[in-house]
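Any value given below was found using the heavy atoms of this structure, including those in side chains, with hydrogens, waters and symmetry copies removed. A note on names: the letters A, B, ... follow the listed sequences, proteins ahead of strands, and every chain is numbered from 1.
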Amino acid sequence: MRQSKTFIPTLKEAPNDAVVPSHILMLRAGLVRMLSAGVYSFLPMGYKVIKKITEVIREEMDAIGGQEFHLPALNPIEIWEETDRVKAFGDTMFHLKNRDYVLAPTHEEIMTYHARRVLQSYKELPQVWYQIQTKFRNEARPRSGVIRGRQFLMKDSYSFDASWEDLDKSYDSHAAAYRRIFERCGLKFFVVGASSGAMGGTGSEEFMVRSAAGEDTVAHCESCGYAANSEVATSVIQALARDSESKDIFEISTPNIKSIDELSAFLSINESQCAKSRVYIVNGKEPVLVLMCGNDEVNETKLEKIFSEVRPAHPEELQNLTGAEAGSIGPLGFKGRILADLRLKDRNNLYSGANKNEYHIGGIDMVRDVPSAELVDLRIVQPGEGCPNCGANIDVFPAIELGHIFKLGTRYSEAMGARFLDVNGKDHPLIMGSYGIGLERVMACFVEQNHDDFGIIWNKELAPMQVHLIGLNMKKQEIADECERLYSELTTLGLQVLFDDRKDAQPGFKMKDADLLGIPIQIIVGERKIKEGLLEFKLRTDSVKLDVALTDVVGKVKEFYSV
RNA sequence: CGGGGCGUAGCGCAGCCCGGUUAGCGCGCCUGCCUUGGGAGCAGGAGGCCGCAGGUUCGAAUCCUGCCGCCCCGACCA
């Protein structure tokens, strides 16, 4: 491609709206432009990268027996009502105004719809069906450029098996394919145990990339590799011993004391001697009091595993249930189920709210005074706590979710009546898995991890083009001639060459552009070297310009790309 | 959806508080000359519904009201 005739609108300055590095660089390098919040157009160079990612994914999906589909994004709403997911998605699903259609945010229903019409016998199983296609989600707040969009590309696949053992195989082969895909895409990633959330199902893992722009929080152990989404992460933390002597309970006036910090300061005690109370309404009606040690935060995802639906109680509800406001609630006299975090097991001489405004109670003994408390792990893991596997210090940081794999089981096949006959002629629901990869996130995460002050540093797999041939002064005949010769030779070999043949651009301009765009190999043809029969060969990864004889450069490119 | 910020040329910004000639600056763009090893120089030029609508005023980019858009924090996130 001749750069003089290619649309690559690079920017010297970063647009004001872009904040994260990948967003800034994708705009500056002329890869993407925004159309509307969370809706992006891919320009020629950016789309080439998307196509490279697509190729990698296709190869690896085909290698595990995946069959590529292309399903419609425009779906009749009735299909989504079969699984009650119109309600589950709520406002996140786009609805059309002038017909009863929705824009698909994912495709479990549509794949299951086809499966139930086609798959009838165990002999036809397993099946792995996938597609690379546009998804629509009406995100309340799109952000970080292409990382969280309202329209995005997803590779989604679905497995249909006759047994749970076979589902494990389909799931494991996806997990392995995902590792190969992300490795080939040059990403430093890790896999975490995750919550299957509203997707339902029995098991799930996420493929994550550490990034300040991430929206998930993960706990990760450097030494043994334990990793989990903080929604489900656990940790070991030094157990707090029971005092040898239990005091009797006593009431204390605590005017204006609301938080644990204020309470521990007021009483000159350690925060871990306080039991914090939070009241939740579960399954729409039942009040549950959750007791946490000191300032420990409640992990609501863990609560949701116990009760399917959980929300904090409103202030009026608190008043009705306990007779007190949020800062003065405690377990004694609470009418309802009480859950306590494991850290409070067997503790005594604790302080908590008195269920009377401006009063707290001391001398609480969990064994003696709150015998009904169910002890469960409910904490949000904090950095520095012990890894549940090896005990080393655990790290907690933000990350971007690149891919997510789920063992769905029979949730969708049951709801939609997608059944097959086993060897005995007995019918069963298909056992399903679903597996997704966000293509834009692969691209953005790569840029997040592979850039320097000058621009993007593509690897061989994802680079929009393979070679950047730069003629420094195209008005000089000998430079133009040499560039043309090289361009023709390299393209004849089947290499993708971007040829900067612009006549007016200054050398510095061209080199800045090349570094921004980040094609792996730069071949720089300039007056200074050509007189000696040389040109410069630069790898974007190391920035070293190597003098190479005109006659040797094609060989070096062939070697680099193994062609 | 709550909180905050911003909206002036393709991009980055000034002007607004305190209303008043023809709305400026840098980069980019066009023409010509010149220049060619890290985003050159000179000269000339084009490009604005000052986000939109309404209001106040003799007069609004500037003051007031409403709306829209974008960004950030939070909530949400299959």
### Query
How would you label the contact of A:Asp513 with the nucleic acid (heavy atoms, under 4.0 Å): base, sugar-phosphate, or nothing?
base

#### Entry: A:Lys510: side-chain contact (heavy atoms from CB on, under 4.5 Å) partners, not counting sequence neighbours
A:Ile470, A:Met474, A:Asp500, A:Arg502, A:Ala505

#### Entry: salt bridge (Lys or Arg N to Asp or Glu O under 4.0 Å) against A:Glu68, all qualifying residues, sequence neighbours excluded
A:Arg58

### Task
Hunt down the Watson-Crick or G-U wobble partner of B:G39, both distances under 3.5 Å, from any strand shown, or write none.
none

### Query
For A:Ala18, which contact category applies under a 4.0 Å heavy-atom criterion: base, sugar-phosphate, or nothing?
nothing

## Note on the structure
Separation of B:G38 atom C1' from A:Leu516 atom CG, nearest Å, is 13 Å

#### Entry: Proximity of A:Phe69 and A:Trp129 rings by center, below 6.0 Å
yes

### Summary
By the Watson-Crick or G-U definition, both distances under 3.5 Å, B:G26 is matched with B:C11

### Query
Residues two or more places apart in sequence or in another chain: which of them pass side-chain contact (heavy atoms from CB on, under 4.5 Å) with A:Gln151?
A:Val39, A:Thr134, A:Phe136

### Query
Say you pick atom C1' in B:G51 and the same atom in B:A60; how far apart are they, in whole Å?
16 Å

### Donor-acceptor pair (no angle test) under 3.5 Å: A:Glu527 side chain, B:U36 base
no

### Query
Does B:C13 have OP1 or OP2 sitting under 4.0 Å from an N or O in the side chain of A:Asn16?
yes

### Task
Indicate, with a heavy-atom threshold strictly under 4.0 Å, whether A:Lys510 touches base, sugar-phosphate, or nothing.
nothing

### Query
More 5' along RNA chain B: A:Glu304 or A:Arg502, using each one's nearest nucleotide?
A:Arg502

### Criterion side chain to side chain donor-acceptor pair (under 3.5 Å) on A:Thr92 and A:Asn138, from CA distance to verdict
CA-CA 4 Å; A:Thr92 304; A:Asn138 184 24; over 6 Å; no

#### Entry: Whole-angstrom distance between B:U8 and B:U62, as gauged at atom P
14 Å

### Nucleotide B:C11, atom P - distance to CZ of A:Arg33 in whole Å
9 Å

#### Entry: CA sep, side-chain torsions, deciding dist, call: A:Glu527, A:Lys476, salt bridge (Lys or Arg N to Asp or Glu O under 4.0 Å)
CA-CA 8 Å; A:Glu527 255 185 295; A:Lys476 295 282 178 195; 3.8 Å; yes

### Message
Applying side-chain contact (heavy atoms from CB on, under 4.5 Å), can you list everything that pairs with A:Ala104, at least two apart in sequence or on another chain?
### Response
A:Asn75, A:Trp80, A:His107

### Message
Applying the side-chain contact (heavy atoms from CB on, under 4.5 Å) criterion to A:Leu31, which one of A:Thr10, A:Ile50, A:Ile456 satisfies it?
### Response
A:Ile456

### Message
Going by purine N1 to pyrimidine N3 plus the second Watson-Crick contact, or the G-U wobble pair, all under 3.5 Å, which nucleotide sits opposite B:U21?
### Response
none

#### Entry: By salt bridge (Lys or Arg N to Asp or Glu O under 4.0 Å) - contacts of A:Arg141 (at least two apart)
none

#### Entry: Derivation and outcome, side chain to side chain donor-acceptor pair (under 3.5 Å), residues A:Tyr412 and A:Glu82
CA-CA 9 Å; A:Tyr412 296 90; A:Glu82 290 187 38; over 6 Å; no

### Query
Given B:G69, is OP1 or OP2 found less than 4.0 Å from the side-chain N or O atoms of A:Ser36?
no

### Query
If you look at every strand shown and take non-hydrogen atoms under 4.0 Å, does A:Lys476 touch a base, only sugar-phosphate, or nothing?
nothing

### Query
Any N or O donor-acceptor pair linking the side chain of A:Glu536 to the base of B:G37 at under 3.5 Å?
yes

### Message
Does A:Met474 reach a base, just sugar-phosphate, or nothing at all? Heavy atoms under 4.0 Å.
### Response
nothing

### Message
Work out how far the P atom of B:G12 is from that of B:C72, and round it to whole angstrom.
### Response
14 Å

#### Entry: Same-atom distance (P) from B:G7 to B:G15, integer angstrom
10 Å

### Message
I'd like the C1' distance from B:U56 over to B:A14, given in whole Å.
### Response
27 Å

### Query
Is A:Asp216 touching bases, backbone alone, or none of the nucleic acid, heavy atoms closer than 4.0 Å?
nothing

## Note on the structure
Looking only at B:G37, B:C11, B:G39, the nucleotide nearest the A:Lys529 side chain is B:G37

### Query
Could you go step by step and tell me if A:Lys135 and A:Leu153 meet the side chain to side chain contact (heavy atoms under 4.5 Å, CB included) rule?
CA-CA 6 Å; A:Lys135 301 285 187 261; A:Leu153 290 164; over 6 Å; no

Between the protein and nucleotides 72-76 of chain B, list every N/O to N/O distance that falls short of 3.5 Å.
| residue | atom | partner | partner atom | Å |
| --- | --- | --- | --- | --- |
| B:C73 | OP2 | A:Arg141 | NH2 | 2.9 |
| B:C73 | N4 | A:Arg141 | NE | 3.1 |
| B:A75 | N6 | A:Arg143 | NH2 | 3.3 |

Got a list of protein N/O to nucleotides 43-51 of chain B N/O distances below 3.5 Å?
none

### Query
Is B:G59 paired to anything, Watson-Crick or G-U wobble with both distances less than 3.5 Å, and if yes, which nucleotide?
none

### Query
How far, in whole Å, is B:G19 from B:C63 if one measures between their P atoms?
9 Å

### Query
How would you label the contact of A:Lys135 with the nucleic acid (heavy atoms, under 4.0 Å): base, sugar-phosphate, or nothing?
nothing

### Message
Just the rounded figure in Å: distance from P of B:C11 to CG of A:Leu27.
### Response
11 Å

### Message
Show, in sequence, the C-alpha distance, side-chain angles and deciding distance for A:Thr54 and A:Leu439, and conclude whether the side chain to side chain contact (heavy atoms under 4.5 Å, CB included) test is met.
### Response
CA-CA 8 Å; A:Thr54 300; A:Leu439 293 245; 3.7 Å; yes

### Query
For A:Lys155, which residues count as a salt bridge (Lys or Arg N to Asp or Glu O under 4.0 Å) partner, sequence neighbours excluded?
none

### Task
Take A:Asn138 and A:Arg28, find for each the nucleotide of RNA chain B with the closest heavy atom, and name the residue whose nucleotide sits nearer the 5' end.
A:Arg28

Under 3.5 Å between N/O atoms: give me all the protein pairs with nucleotides 26-33 of chain B, atom names plus distance.
| residue | atom | partner | partner atom | Å |
| --- | --- | --- | --- | --- |
| B:G26 | N2 | A:Glu13 | OE1 | 3.2 |

### Message
As a quick check of understanding, evaluate ring-ring contact (aromatic ring centres under 6.0 Å, His included) for A:Phe190 and A:His220, giving each step before the final call.
### Response
CA-CA 9 Å; A:Phe190 54 93; A:His220 184 248; 4.8 Å; yes

### Message
Categorize A:Pro105 for me: base, sugar-phosphate, or nothing, with a 4.0 angstrom heavy-atom threshold over every strand shown.
### Response
base

### Query
For the rings on A:Tyr435 and A:Phe406, is their centre-to-centre separation under 6.0 Å?
no

### Message
Tell me every residue that passes side-chain contact (heavy atoms from CB on, under 4.5 Å) with A:Asn299, counting only those two or more places apart in sequence or in another chain.
### Response
A:Thr301, A:Lys302, A:Ile380

### Task
Between B:C33 and B:C13, how far apart are the C1' atoms? Round to whole Å, please.
31 Å

### Query
For B:A75, which nucleotide in any strand shown is its Watson-Crick or wobble partner with both distances under 3.5 Å?
none

### Nearest-Å distance for atom pair CG/C1', residues A:Leu517 and B:G38
16 Å

### Query
Going by number, which of residues 39-50 of chain A have a non-hydrogen atom under 4.0 Å from RNA chain B?
none

#### Entry: Residues within residues 439-451 of chain A bordering RNA chain B, heavy-atom distance below 4.0 Å
none

